[in-house]
Number of protein chains: 2
Amino acid sequence: MSRWEPNARGRLEQAALDLYQERGFEQTTVAEIAERAGLTERTFFRYFADKREVLFWGQGRLHEIVVNAVASQPVTASPFNIVVAALEAMAAAVPDRPEFLQQRQAVIAQNPELQERELLKMASLIGVITEALQQRGIPGPTVRLLVETGIAVYRVAFTRWVDEKEKGPRTLPQLLREALDELKAVLAF
Amino acid sequence: MSRWEPNARGRLEQAALDLYQERGFEQTTVAEIAERAGLTERTFFRYFADKREVLFWGQGRLHEIVVNAVASQPVTASPFNIVVAALEAMAAAVPDRPEFLQQRQAVIAQNPELQERELLKMASLIGVITEALQQRGIPGPTVRLLVETGIAVYRVAFTRWVDEKEKGPRTLPQLLREALDELKAVLAF
DNA sequence: ACAGTGATGTCAGTTACTGACATAGAAAGT
DNA sequence: ACTTTCTATGTCAGTAACTGACATCACTGT
């Protein structure tokens with residue numbers, strides 16, 4: 001028998017998500033989260049940098065995944081295809097827990113501060129992918145544009161995927177492809 | 001002679017921008033900003049919702065501009081061209097004060113919290129444009145994708161414009177066009 | 001048995017932000 | 001001219017996010 005209940009971080013995450021949903025993000029105090037998890041406020045801040053980060057921890061993993069995806073592309077691949085590969089790797093890394101993701105996205109959708117954090121995480125991914133492409137020697141100024149657009153496509157596909165869970169059987173990689181094709185079509189005008 | 005020095009909001013903006021640059025955003029307290037502006041902390045929060053917003057006030061104006069730009073497009077215009085018109089209207093509304101914009105962007109570039117806010121403002125613009133397009137009866141699911149991509153293009157063009165000030169003579173609308181063409185080219189692969 | 005380690009608790013402090021009320025000129029009404 | 005009302009600001013007290021310093025105590029290895 002260990003001194004403390006296991007998985008403190010997980011308990012804090014779950015307590016936070018539930019409370020944010022029940023009362024809203026602003027109406028929830030960190031002290032309440034900690035109490036529900038059987039811990040103290042101070043311990044919360046040892047695991048998470050701030051009150052928002054509790055919903056976004058895990059995203060750090062995405063950085064490596066994306067970097068690896070870029071690195072493992074053949075040298076002959078076009079910048080466009082490399083970006084697509086990165087997006088597909090991200091899509092594949094999304095945990096397949098629809099209830100959890102839906103709850104999380106619903107909470108985020110209701111609070112601008114959480115949206116800010118989500119947008120920052122995406123921007124951070126843009127930076128990582130851009131850097132990875134440049135280190136591959138891909139010539140400069142278009143890269144950022146391409147990556148920025150790629151993430152926009154990913155965001156749209158991800159939103160659709162979460163929104164249509166239960167009903168539609170389309171997978172996230174499928175939706176990604178569809179969104180890319182849509183974009184090409186609509187840019188033709 | 002009036003009771004108070006005029007332009008309290010402007011003084012607060014200037015004091016904040018200067019202090020953020022001198023000491024960094026986190027190292028600056030609102031009390032310090034207010035003191036430099038000859039006011040009190042409480043008054044700061046009457047003008048700005050929070051410590052970050054002082055750098056982003058003004059953006060509210062952009063919403064109307066963009067909505068008007070969309071509304072004034074001919075009914076025959078394609079969704080793509082409407083979005084381009086909205087982006088060009090945004091570009092035209094940027095105040096032509098390079099020193100100010102550079103200082104502001106430099107401050108934002110150094111602080112994640114400020115980046116979050118900037119990203120949220122952009123997301124808000126995406127929402128406004130998307131809504132304006134949908135109210136024009138433009139069919140649904142592709143719109144968000146188109147607008148999201150459009151803003152990504154705008155961001156890249158704007159960054160380039162700020163970065164190349166002094167040296168290059170390219171205007172923001174020009175850079176916008178160039179970025180759009182680049183995107184079309186690179187998506188062809 | 002005992003010293004060290006690591007996850008947690010306790011506590012005090014700073015600062016962002018808010019609500020309630022006070023004040024003093026300026027403007028407006030009579 | 002006198003009074004009332006309006007408005008931008010100040011004062012003050014309070015909440016809650018976040019941080020640093022130090023304490024605790026079961027477990028671990030020697």
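Throughout, a chain's letter reflects where its sequence line sits, starting with A, and its residues are numbered from 1.
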Checklist outcome for this item: Contact string for nucleotides 3-9 of chain D, one letter per nucleotide 5' to 3', B = base within protein heavy-atom range under 4.0 Å, S = sugar-phosphate only, - = neither, reads -----BB
Next on the checklist: Just to verify, what does A:Glu131 make a salt bridge (charged side-chain N to carboxylate O under 4.0 Å, His left out) with, not counting sequence neighbours?
Outcome noted: none
Checklist entry - Could you state the OH-C1' distance from A:Tyr20 to D:dA17, rounded to the nearest angstrom? => result 11 Å
Checklist outcome for this item: A:Arg52 meets the side-chain hydrogen bond (donor to acceptor under 3.5 Å, both in side chains) criterion, sequence neighbours left out, with B:Glu116
Checklist entry - In the hydrophobic clustering (ILVMFWY, side-chain contacts below 4.5 Å, transitive), which residues join A:Leu119, or is it alone? => result A:Leu120, B:Leu119, B:Leu120
Checklist entry - In chain order, what residues pass the salt bridge (charged side-chain N to carboxylate O under 4.0 Å, His left out) check against A:Arg36, with sequence neighbours excluded? => result A:Glu22
Next on the checklist: When the axes are fitted on five pairs at both termini, how much does the helix from C:dA1-D:dT30 to C:dT30-D:dA1 curve, in 10° steps?
Outcome noted: 10°
Next on the checklist: Other residues, nucleotides and ligands only: do more than 12 of their heavy atoms fall within 6.0 Å of CD on B:Gln102?
Outcome noted: yes
Checklist entry - Got a sec, which residues hit side-chain contact (heavy atoms from CB on, under 4.5 Å) with B:Val107, two or more places apart in sequence or on another chain? => result B:Leu17, B:Tyr20, B:Gln21, B:Leu55, B:Leu114
Next on the checklist: Could you work out, with side-chain hydrogen bond (donor to acceptor under 3.5 Å, both in side chains) as the rule, every residue matching A:Arg155, not counting sequence neighbours?
Outcome noted: B:Glu148
Extract from the structure each pairing of a protein N or O with an N or O of nucleotides 13-17 of chain C at less than 3.5 Å, listing the distance.
{"residue": "C:dA16", "atom": "OP1", "partner": "B:Thr28", "partner atom": "O", "Å": "3.4"}
{"residue": "C:dA16", "atom": "OP1", "partner": "B:Lys51", "partner atom": "NZ", "Å": "3.4"}
{"residue": "C:dA16", "atom": "OP2", "partner": "B:Val30", "partner atom": "N", "Å": "3.3"}
{"residue": "C:dC17", "atom": "OP2", "partner": "B:Lys51", "partner atom": "N", "Å": "2.6"}

Item to check | A:Phe48 CZ to C:dT8 P, straight-line distance once rounded to whole Å | outcome: 11 Å
Next on the checklist: Between A:Glu113 and A:Lys51, does any side-chain N to carboxylate O distance fall below 4.0 Å?
Outcome noted: no
Item to check | Residue-level proximity of residues 108-122 of chain B to DNA chain D when a heavy atom falls under 4.0 Å | outcome: none
Checklist entry - Partners of A:Ser124 by side-chain contact (heavy atoms from CB on, under 4.5 Å), sequence neighbours excluded? => result A:His63
Item to check | Partners passing ring-ring contact (aromatic ring centres under 6.0 Å, His included) against A:Phe44 (at least two apart in sequence or in another chain) | outcome: A:Phe48
Next on the checklist: Can you measure A:Arg42 atom CZ to D:dT24 atom P for me and round it to whole angstrom units?
Outcome noted: 17 Å
Item to check | Main-chain N/O of B:Thr29 paired with B:Glu32 side-chain donor or acceptor, under 3.5 Å | outcome: yes
Checklist entry - Thinking salt bridges, do B:Glu182 and B:Arg160 make one under a 4.0 Å N-O criterion? => result yes
Item to check | Exam field: side chain B:Gln174 to backbone B:Thr171, donor-acceptor pair closer than 3.5 Å | outcome: yes
